[in-house]
Amino acid sequence: MEQYELYCLVDRQFYDVPTTSTEHVDFATCGRPVPDGWEHAAGDIWMHYAPRGVPLPPQGWKIHVSSCLDDAERTLTAVWDYCVRQGIPFKFLRSEAVLVMMNSKAAFRGSSGKLVTIYPVDESQLELVLKELDQVLTGVRGPYILSDLRYGDGALFVRYGAFVERHCLSDTGERVLAIENADGRLVPDLRGPVFSTPAWVSLPSFLEPHLAARNAVTTNELAYDIENVIQFSNGGGVYLGRHRESQDRVVLKEGRPMAGLDVDQRDAVTRLRHEREILARLAGLDVVPAVHDYFVLGDHHFLVQEFIDANPLQRLLVRRFPLTKPDPSPETLREYADWAIEMLGRVERAIQALHERGVVFGDLHPDNVLIDADDRLVLIDFEVATLAELRARSALAHPGYAAPPDRHGVEADRYALACLCLGLFAPQTTILLQLHPGKARHLAELITETFPVPKATIDQAAGIILGGTDDPPPATLPLPGRASWEEVRDAITRAIVASATPERDDRLFPGDIAQFQPGGGTSIASGAAGVLYALDRTGAGRFPAYDDWLRRHALDSVTGIGLYDGLHGAAHVLGELGYRQDALDAVDRCLATPLDSRELGLHSGLAGIGLNLLHFDSEPGLRAAATRVIDLVADRLGGIDDVPELSGDGHPRAGLMFGSSGPALLFLHAYERSGDLGLLDLAETALRQDLRRCIRDETGMLQVNQGWRTLPYLEQGSAGIALVLDRYLRHRPDEELAGDLAALRRVNHCAYFVQPGLFMGRAGLILSAAVQPGEVTADLIRGLGWHALPSAGGLAFPGNQLLRLSMDLATGSAGVLLALGAALHRQPVALPFLGLPPTGGPPITPVWKEV
């Protein structure tokens, strides 16, 4: 969620880049004139500077400068003066707001702490810059950059890595940033939270003492053995340990100095000390862990607490929640409701015990409530707790439980309890209350319609959340499954059109943060192409001014070439909208890009590229180009057993967008155009690769297996595989695979999904189920009400993470619109290349056998 939080700084409704805010203030250094003979590029996060015409090696040792907020301006001035004088390229974070977010508790641990990056041309210059800048920056304090080696005890760190953007395929088949190894081959540029050097790179001798100093800090002298990691955050880790003498198990909570900032700009160490003081005040209460010790090791602070062998309430909720199982019985719903109401009462009593000691918890959410094997309930994570008498607000609350500005002290805890009441029956949806408090009333109605719970209890929680606000609930809008298709379509269209910003060059419609990556603003998944495609396909209308925006911008920016994240996708939509020459110009641009480092998948890889080339293969040269891509995918596909049984987390991903179902779709389209049965064989192999990475549960659902969870969604889950498998079985019936298809579709009988979007939410299930419309599809459609929100007089849906509304195809309202169109529109509606295959005759005459 860390990157999403950065894009929440500006707009309360939509994800946006921090620099678009009128309140955004850059560091003063950003306003300095660009030196003569220098080039400058301003990004959303980084400001880049380089002397014109000076060649830079593609990779090498880079220097990172760390700084806390108090020293940031001084550091930037000093580094600017030094690098300009020496003619060394550099970049820096552009504002205090960005620096805070990039060093927040939720930020990526490996790169957090960086303020400046400097690019020496060789090791001699590296040594000189480190020596000289170390003197210039004496006294500058900053957080430790975990991916790097610290130079001395100051603000300078080093790491070997890429200077320019190059790509290769990782061991999991994904396209990643690359560096060149000793053999001249591109390999992944690994960027983890631990310092390491590539195997073929020797550490410069002048850095060896600094590595020795780093390695001298060990846990050997501690009174505790560290046995396992419970979790990591940028503020520090939480570890399971054991006292060496008593052998008692303990939990060690770490605080990194100047890292893990909250909205009050307190670091993790400050919060850890505060937590120790709060727990001392609460000592003796059964609902809080006991404190055993506190110590400092290598500037890192550790709070040692009682170990509680327990499960978080969130995990228990996920295991028990009946709406994520197919067709739950009334008895199952009642059992869950009784358990949830009982649990709510126990949490409420625990919070009351804190209040009686004069403490406000300030960070209540299901992951901070533990239930042990003896049914003991314990609250954990008191680093933002406050004294009730101060009537303070939390500085680091979960977005689904964070009280509005008008709630202080114990009122904030009562607000969080009310959110927990709703959240136990509608997980994660309380995040939506940040967008529209009136949603509380609607959630209360949906909960009491679905579960046998006391209406007074749920209504009371909604009333606490609303306070004195009178926002109308979204139930007054034309909701899917309750209003007519035309009314719902028009309401979603109103919201999408009202959100358009044609005056901007980076994006036309607000969507996922991926739209701020190169080419994302014009893409199918996150950009204008996908929105315009959905509007056109569902009969919502044509918007020539927005078409022109896409035509102007599709070829203007540096972009990828993928079907869903790049230029092939924009070309496809331009062609579908009637701008064939624009489409062909875009495809021609794509042909100049090498395909060696492209992954196989549909989203951004060869499968999507091949499908789009097939789409345009009547044009000279594109038939041969399509054939080359198909041959390349076939050569790299492998056998059924060449993929592991798990998806993701270090393994190649399964599913429609990134797994083998994308290549299967390519082979199926190629078969439908040629009649080559070998292509149908390849499609079967690809599908069986994805089915190998699925697991069947006790309810008969077959879903993609990630080891720690299963996925039903269109992007990486069972719904996407089902779409392609259905298409395959229409050509070659198979009893075993038909049984798998039925098991894949069993998830359509579930009633609840955390997100509404097309790729990773409910809308994707609707799209997949729409090939066999019926009562199940109707139930899925009605379920969109859990996430429906008002926007500009229309109807909109939140994007990934639910923190902001989205209008794009992959995560937001356009995707919901397309899915509803697939189920309800009188004309066929589908994602590109996922409509029903041609029927009523044999495949057309082979095309590429002539090439």
Side-chain angles (χ1 to χ4, degrees), residues 103-107 109 112 143-144 146 193 217-262 264-310 312 350 353-354 357-365 367-370 372 376-387 392 394-398:
N103 192 26
S104 68
K105 182 177 180 179
R109 297 171 62 241
S112 177
Y144 200 104
L146 296 176
V217 179
T218 70
T219 61
N220 294 338
E221 304 303 318
L222 288 184
Y224 308 92
D225 288 318
I226 306 296
E227 296 183 343
N228 205 348
V229 176
I230 297 176
Q231 69 177 40
F232 278 124
S233 76
N234 187 40
V238 180
Y239 309 94
L240 177 63
R242 192 180 296 273
H243 192 275
R244 288 177 174 171
E245 290 188 4
S246 68
Q247 290 300 298
D248 290 339
R249 301 181 84 182
V250 294
V251 170
L252 298 94
K253 187 172 182 179
E254 175 190 23
R256 296 177 55 220
M258 293 170 280
L261 303 181
D262 59 27
D264 291 334
Q265 299 180 2
R266 299 184 307 168
D267 69 356
V269 169
T270 302
R271 291 196 304 275
L272 197 66
R273 288 170 172 161
H274 175 74
E275 182 169 11
R276 176 179 59 171
E277 295 171 0
I278 291 292
L279 289 175
R281 186 183 182 106
L282 299 173
L285 287 182
D286 189 53
V287 296
V288 299
V291 173
H292 294 325
D293 196 2
Y294 191 96
F295 64 89
V296 181
L297 176 68
D299 292 334
H300 291 213
H301 291 232
F302 291 84
L303 176 65
V304 185
Q305 304 178 39
E306 169 192 8
F307 168 69
I308 301 156
D309 191 3
L354 268 57
R357 292 282 186 98
V359 171
V360 175
F361 190 24
D363 196 16
L364 174 63
H365 58 83
D367 276 318
N368 280 349
V369 179
L370 301 183
D372 74 5
R376 176 189 172 195
L377 184 149
V378 180
L379 304 174
I380 59 170
D381 207 352
F382 285 82
E383 61 184 41
V384 295
T386 60
L387 300 183
S394 174
L396 199 67
H398 185 288

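Looking at Glu227 and Arg249, their side chains come closer than 4.5 Å, going by heavy atoms from C-beta outward. Side chains of Leu370 and Leu377 form no contact here, defined as non-hydrogen atoms less than 4.5 Å apart. Counting heavy atoms from C-beta outward, Leu303 and Leu279 have side chains that approach closer than 4.5 Å.
We find the CZ-CG distance between Arg242 and Leu252 to be 12.5 Å, quoted to the nearest 0.5 Å. To the nearest 0.5 Å, atom CE of residue Met258 and atom OG of residue Ser112 are 11.5 Å apart. The CZ atom of Arg357 sits 12.0 Å away from the CD1 atom of Ile278 when rounded to the nearest 0.5 Å. Interatomic distance, Asn368 CG to Asp363 CG, rounded to the nearest 0.5 Å: 5.0 Å. For the atom pair OG1 (Thr270) and CD (Glu275), the distance works out to 13.0 Å, reported to the nearest 0.5 Å. Note: Asp381 CG to Leu364 CG = 11.5 Å, rounded to the nearest 0.5 Å.
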Take Leu379 and Val369 through the test side-chain contact (heavy atoms from CB on, under 4.5 Å) and record every step on the way to the result. CA-CA 5 Å; Leu379 304 174; Val369 179; 3.9 Å; yes
Output, in order, the C-alpha distance, side-chain angles, deciding distance and verdict of salt bridge (charged side-chain N to carboxylate O under 4.0 Å, His left out) for Lys105 and Asp262. CA-CA 7 Å; Lys105 182 177 180 179; Asp262 59 27; over 6 Å; no
### Query
Stepwise, does the side-chain contact (heavy atoms from CB on, under 4.5 Å) test hold for Phe302 with Leu222?
CA-CA 11 Å; Phe302 291 84; Leu222 288 184; over 6 Å; no
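Applying the side chain to side chain contact (heavy atoms under 4.5 Å, CB included) criterion to Asp248, with sequence neighbours excluded, gives Ser246. For Asp367, there are no salt bridge (charged side-chain N to carboxylate O under 4.0 Å, His left out) partners at least two apart in sequence or on another chain. By the salt bridge (charged side-chain N to carboxylate O under 4.0 Å, His left out) test, Arg256 is found to be paired with no residue, residues two or more places apart in sequence or in another chain being considered. Scored by the side-chain hydrogen bond (donor to acceptor under 3.5 Å, both in side chains) test, Glu254 finds Tyr239, His300 as partners (sequence neighbours excluded). For Ala268, the side chain to side chain contact (heavy atoms under 4.5 Å, CB included) criterion is met by Arg271, not counting sequence neighbours.
Annotation for Glu245: atom CD does not count as buried by contact number, only 12 or fewer foreign heavy atoms lying within 6.0 Å.
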Side chains of residues 284-299: which donor-acceptor partners sit under 3.5 Å, not counting sequence neighbours?
unit_1	atom_1	unit_2	atom_2	d
Asp286	OD1	Arg376	NE	3.2
Asp293	OD2	Tyr224	OH	2.8
Tyr294	OH	His301	ND1	2.9

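Of all heavy-atom pairs spanning Pro143 and Asn103, the tightest one is CG-ND2, 3.7 Å. Taking all atoms of both residues into account, the shortest heavy-atom contact from Ala392 to Thr386 is CB-CG2, 4.0 Å. Between Val384 and Gly362, the closest heavy-atom pair is CG2-O, 3.9 Å. Closest approach of Ala385 to Val359, counting heavy atoms only: CB-CG1, 4.1 Å.
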